[in-house]
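For reference, the structure is listed below as structure tokens.
Letters A, B, ... mirror the listed sequences (proteins, then strands); counts begin at 1.
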There are 2 protein chains.
Amino acid sequence: MSNSTPATIEDVARIAEVSIATVSRAIHMPEKVANSTRLKVSQAIAMTGYTTNAMARSLRLGRSNMILVVAPDIGDPNFSNILVGLENEARAHGYGILIGHTQNDAQRGLEYLKFLNSNQAAGLILFTGILPFGHQTMTARLPPSVGVFEPVFNGGIPYVGVDDIEGARKAIDLLLAEGHRKIAFIGDSRTRLAYTRRRMGYEAGLDAAGVGADLRIVLEGDGTIESGRLAIEQLFMRDTLPTAFMCVNDQTAIGVMIGLGARGYDIPRDFSVTGFDDVPQAAFMSPALTTIRQPRTMIGKHAMALLLELLSDGQPAETEILLRPDLVVRNSVAAPSREWTKR
Amino acid sequence: MSNSTPATIEDVARIAEVSIATVSRAIHMPEKVANSTRLKVSQAIAMTGYTTNAMARSLRLGRSNMILVVAPDIGDPNFSNILVGLENEARAHGYGILIGHTQNDAQRGLEYLKFLNSNQAAGLILFTGILPFGHQTMTARLPPSVGVFEPVFNGGIPYVGVDDIEGARKAIDLLLAEGHRKIAFIGDSRTRLAYTRRRMGYEAGLDAAGVGADLRIVLEGDGTIESGRLAIEQLFMRDTLPTAFMCVNDQTAIGVMIGLGARGYDIPRDFSVTGFDDVPQAAFMSPALTTIRQPRTMIGKHAMALLLELLSDGQPAETEILLRPDLVVRNSVAAPSREWTKR
DNA sequence: ATGGTCTATGTAAAGGTTTACATAGCTTCT
DNA sequence: AGAAGCTATGTAAACCTTTACATAGACCAT
């Protein structure tokens with residue numbers, strides 16, 4: 001009973017007085033097995049405490065029940081909630097989650113490829129804007145994969161996330177409604193699709209409001225706190241300043257607020273700031289950040305569901321699932337107080 | 001070359017013109033194989049792009065190269081940094097990380113046990129103060145396990161974390177040095193060892209400073225934001241108030257600050273507050289929280305190293321590895337301004 | 001009664017690896 | 001020269017499943 005070695009299907013078969021094939025069938029295709037036999041088998045299973053050896057099963061089946069989740073940085077404040085969604089959905093379907101982080105190091109990425117090549121993972125969730133494996137040649141060898149949170153720039157991989165354009169539009173519309181006209185967009189990027197789309201929302205909103213190109217300011221950034229701070233430095237060397245900052249994500253917004261704070265400005269009195277993502281700390285900042293919420297758990301759930309579908313069907317399925325982003329109004333936006341011209 | 005089915009050891013053997021046994025040996029015990037043969041094999045491996053099928057290997061070896069990490073809540077702000085440490089160390093030794101979260105549901109915990117029983121995971125990292133599997137009967141069947149961040153209350157499992165007593169002592173000593181005498185401890189718990197120890201540090205510090213028991217206030221809590229807020233509610237029904245709050249962790253401190261803020265008090269002018277853990281948002285609160293830093297990545301690294309050692313040796317090894325906690329001084333502590341008596 | 005169909009079960013192969021045991025060729029010692 | 005000991009390699013079993021194929025019995029229709 002409490003043997004040292006775990007029970008095998010053979011032990012169960014012996015006790016139930018059937019063949020191992022019948023045991024396997026009783027477990028996986030119960031309708032193919034007589035009621036009486038099924039009962040004997042389940043009793044034997046209970047007696048032995050048998051659990052299927054996943055290794056043997058995966059070997060025989062040629063596929064594992066693990067999904068590899070690769071992120072550039074596990075510490076990303078968006079990561080954990082997405083993970084919750086992914087994990088719940090996976091577990092509900094008998095899959096487990098394997099995680100890895102590349103720290104933007106292609107070498108690292110390749111190491112994780114081994115999990116895939118060695119059949120340890122059946123599918124791949126990519127939490128990154130760019131395929132983390134050196135040469136794209138790999139793409140051909142990639143197992144069923146789904147991008148999550150950020151569209152995968154160079155992979156042609158189905159993707160589940162938020163409608164970035166719509167989200168950005170909500171942010172810019174709020175600022176416009178408050179009376180802002182000169183609004184800077186902080187964090188443009190040519191290689192990150194999500195950022196490009198957010199900028200598109202920004203432009204679309206200004207277009208719709210009839211705000212001319214001369215009032216638009218766009219600065220690049222990579223979405224880090226530091227990039228936000230840096231953007232402020234750059235901006236203050238200009239002739240004219242905006243009255244509001246629409247940031248490509250919350251991290252950037254934090255950097256912007258730090259930069260502004262360091263120069264003695266008050267938010268939202270002197271400048272308004274918006275973020276994107278609604279990371280956990282957004283609510284705790286002072287002022288609390290007005291931002292666009294990503295339904296992270298939902299994103300994870302949908303992404304995993306899509307991946308599992310891919311695994312069983314093999315069909316390419318839809319390319320993008322876009323969830324609705326919500327505006328979260330807190331305290332970092334107010335009406336513009338004065339015009340900032342030459343200082 | 002770019003075959004659809006991945007290359008097996010047999011393919012390699014055929015090309016290298018040796019037996020599969022030799023290939024296996026060339027990979028895993030290179031010194032047992034002649035130089036010339038080894039070369040032929042490695043060339044064949046390069047040609048075929050062969051990678052060992054981990055399933056077959058684990059099946060044969062009777063153990064996997066996966067470590068299961070179980071936490072009650074993946075979203076815990078302490079989790080991700082620990083995970084980074086765990087993952088780095090694991091990967092460096094050829095292990096992968098499987099994650100699960102129980103949400104304090106024993107049923108869930110049991111589901112994860114299956115990963116262990118089915119040989120899918122060789123070891124277990126527990127990020128929880130209490131064994132997440134229903135009956136402790138399981139303990140006997142548990143694989144090599146290591147508790148991390150918080151000592152495991154009921155498991156008798158080796159543990160890697162921070163010296164809670166020393167950390168708490170640093171916090172209480174700071175408050176005492178600022179002139180506080182009446183200091184409340186928020187978040188005591190009989191079932192969470194870490195919390196008990198932090199309270200011990202609190203008591204020891206007051207003892208050493210000669211502060212009598214009549215000036216001590218201890219309130220229970222479970223380490224959530226809500227529990228901190230609730231403690232404030234309770235406390236304000238008392239005759240006398242403390243001048244400082246030493247909180248069992250940062251979440252509790254956040255709750256305390258919210259509660260105090262809601263009543264119109266200013267921190268640190270009216271009350272001082274300390275936390276424990278130094279979660280990422282601690283620095284972004286206003287005022288920024290003075291707290292005790294956990295070297296999270298290091299904790300993760302050491303825990304995984306210990307587990308891997310256990311896996312190879314099978315020795316019980318040392319029971320606890322305690323890292324040094326650091327005091328992080330920010331803006332939530334100041335000298336007491338006045339005595340709070342009857343209100 | 002014969003043949004056919006269907007259902008429940010058993011037999012055995014296959015999946016890719018590691019490794020105990022066997023073997024064969026050398027080297028070394030007496 | 002023969003025995004003994006090494007070294008490098010090969011053969012084949014074992015790890016635990018799943019499932020194609022085979023079989024046997026029951027039922028039904030003719």
Worksheet item: Got a second to check how far S64(A)'s OG is from Q120(B)'s CD, nearest 0.5 Å?
Response: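 Rounded to the nearest 0.5 Å, the OG-CD separation comes to 7.5 Å.
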- Aromatic ring pairing F127(A)/F79(A), orientation class (parallel under 30°, perpendicular over 60°, tilted between): perpendicular
Checking all strands, does [X] fall into the base, sugar-phosphate, or nothing category for heavy-atom contacts under 4.0 angstrom?
{"X": "T52(B)", "result": "sugar-phosphate"}
{"X": "L61(A)", "result": "sugar-phosphate"}
{"X": "T22(A)", "result": "sugar-phosphate"}
{"X": "S24(A)", "result": "base"}

Which of the following nucleotides, [options], is nearest to the side chain of [X]?
{"X": "T8(A)", "options": "dA8(D), dC16(D), dT18(D)", "answer": "dC16(D)"}
{"X": "V33(B)", "options": "dA12(D), dG15(C), dT9(D)", "answer": "dT9(D)"}
{"X": "V18(A)", "options": "dC16(D), dA12(D), dG10(C)", "answer": "dG10(C)"}
{"X": "R60(A)", "options": "dA8(D), dG16(C), dT19(D)", "answer": "dT19(D)"}
{"X": "R25(A)", "options": "dT17(C), dT17(D), dG10(C)", "answer": "dG10(C)"}
{"X": "N53(A)", "options": "dA8(D), dT17(D), dT17(C)", "answer": "dT17(D)"}
{"X": "A21(A)", "options": "dC16(D), dT19(D), dT17(C)", "answer": "dT19(D)"}

For DNA chain D, whose closest nucleotide is more 5', that of N119(B) or that of N35(B)?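 Result of the comparison: N35(B).
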### Message
For a quick test of reading the model: is some side-chain N or O of R57(B) closer than 4.0 Å to OP1 or OP2 of dT18(C)?
### Response
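For R57(B), the contact criterion (side-chain N or O under 4.0 Å from OP1 or OP2 of dT18(C)) is met.
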| Phosphate OP1/OP2 of dT9(D) contacted by T37(B) side-chain N/O (<4.0 Å) |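 So the side-chain polar atoms of T37(B) do come within 4.0 Å of the phosphate oxygens OP1 or OP2 of dT9(D), strictly under.
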Q. For the pair made of CG in L59(B) and P in dT17(D), what is the distance, rounded to whole Å?
A.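 About 9 Å, once rounded to whole Å.
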Any side-chain heavy atom of [X] sitting closer than 4.5 Å to one from [Y]?
{"X": "L308(A)", "Y": "Y95(A)", "result": "yes"}
{"X": "S145(B)", "Y": "L142(B)", "result": "yes"}
{"X": "I299(B)", "Y": "V148(B)", "result": "yes"}

